[in-house]
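For reference, the structure discussed in these notes is given below.
Numbers here simply count residues along the sequence, with the first being 1. Computation of the quantities below employed the complete heavy-atom set of this structure, encompassing side-chain atoms and omitting hydrogens, waters and symmetry-equivalent molecules. Remember, it's 1-based here, ligands and their atoms both numbered in the order they're listed.
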Amino acid sequence: HAADAHRTDLMTITRHVLNEQSRNPESRGDFTILLSHIVLGCKFVASAVNKAGLAKLIGLAGETNGEEQKKLDVLSNEVFVKALVSSGRTCVLVSEEDEEATFVDPALRGKYCVCFDPLDGSSNIDCGVSIGTIFGIYMIKDKDNVTLEEVLQPGKNMLAAGYCMYGSSCTLVLSTGSGVNGFTLDPSLGEFILTHPDIKIPKKGKIYSVNEGNAKNWDAPTAKFVEKCKYPKDGSSPKSLRYIGSMVADVHRTLLYGGVFLYPADKKSPNGKLRVLYEVFPMSFLMEQAGGQSFTGKERALDLVPTKIHERSPIFLGSYDDVEEIKALYAEQTKSG
Ligand code: P6P
């Protein structure tokens, strides 16, 4: 059975990606090498996040080694930037932590652009809530003359996207464009092992996930949708509200259990809060690959063309039928003008 297979026929993430890549004739292993460096970054962050609590504890005991405890998100960013540059497979990087894009030394350039949030939800570290790394990968046509304009591509051009969630276990969820697979870190091996093959999100869910504290500022379609979740008119039972406040955790639950995750626009933030290149696009890519969908309130999220690297967008993503309901409410608003 699966357990035995795990013991002897180790389907590691590297082997799984090699299998997938071998199906496309012109692949020369560059993507697999890039991915192995992203995986290295995730393993480092996983161990640092696990120690964070302990380090804090030691800190309390006054035994810090004097070295200023670097904020985990800054440290994670440095690790990912160095891993991605040293892979020799990237030419430009966009990180949530860096105001400007990083153009790789021309001597070290490869054909990929990686957009990433090294430690999304890091404000939740001190209370032990799951946090995560989110990444999306684009191909760049001319790596030697890459400009910022080439980074500002619609999400539908992404070749791959994924997240790594640092929680009770470390789970990496990845799509390279032919479905979604989940891998769990086996610390004894230091390998990510395939544990969730071919993830498909339920067509309809019983959960909605939104920060109700922003309800005062929502627009009418969002308010109407949430009202329908709480007071269904068709005699069905109300949906459950689950909101962790860490995107990777809320999206992971939505992917596995179904339902819908919303970060809508509101009067205070007309473009919502979540960032297009390294939160909205990667999660939308995964949702579509898993049979769900993702909508901005105006259009399919992956059709959006960003104009700035830290641009924000409202997002409604999850089970196909649930997002259809939201799209219908926004279409009604557009019709009534
Ligand atoms: P709010 C975390 O800070 C984050 O960027 C996402 O991980 C999360 O989904 C969102 O913000 C939570 O925002 O306004 O509900 O606290």
Handout entry: Donor + acceptor pair across side chains of Lys327, Gln293 (<3.5 Å)
Key = yes

Handout entry: Pair Asp321, Ser319: side-chain N/O donor-acceptor within cut-off below 3.5 Å
Key = no

Nearest to [atom], what protein heavy atom do you find, and at what distance?
atom: atom 14 (O) of ligand 1; answer: Tyr263 OH, 2.6 Å
atom: atom 15 (O) of ligand 1; answer: Tyr243 OH, 2.6 Å
atom: atom 7 (O) of ligand 1; answer: Asp120 OD2, 2.5 Å
atom: atom 2 (C) of ligand 1; answer: Gly121 CA, 3.7 Å

Distance filter under 4.0 Å to [X] heavy atoms, resulting ligand 1 atoms:
X: Met247; value: 6 (C), 7 (O), 8 (C), 9 (O)
X: Asn211; value: 1 (P), 14 (O), 15 (O)
X: Gly245; value: 2 (C), 8 (C), 12 (C)
X: Glu279; value: 5 (O)
X: Ser246; value: 7 (O)

What I want to find out is whether [X] reaches [Y] closely enough, with some N-O distance under 4.0 Å, to be called a salt bridge.
X: Asp30; Y: Lys111; answer: yes
X: Glu96; Y: Arg275; answer: no
X: Asp322; Y: Lys239; answer: yes

Practice task
Could you tell me if any non-hydrogen atom of Asp250 lies under 4.0 Å from any atom of ligand 1?
Solution key: no

Problem - Nearest candidate to atom 10 (C) of ligand 1, where distance is taken over non-hydrogen atoms, out of Glu96, Arg275, Lys273 - result: Lys273

Problem - Gap between atom CG of Leu255 and atom NE2 of His196 - 0.5 Å precision - result: 9.0 Å

Exercise for the section: Hey, could you give me the CG/OH distance between Leu277 and Tyr138, rounded to the nearest 0.5 Å? Expected result: 5.0 Å

Fill in the blank from the handout: Residues passing the salt bridge (Lys or Arg N to Asp or Glu O under 4.0 Å) test with Lys156, sequence neighbours excluded, are Asp303

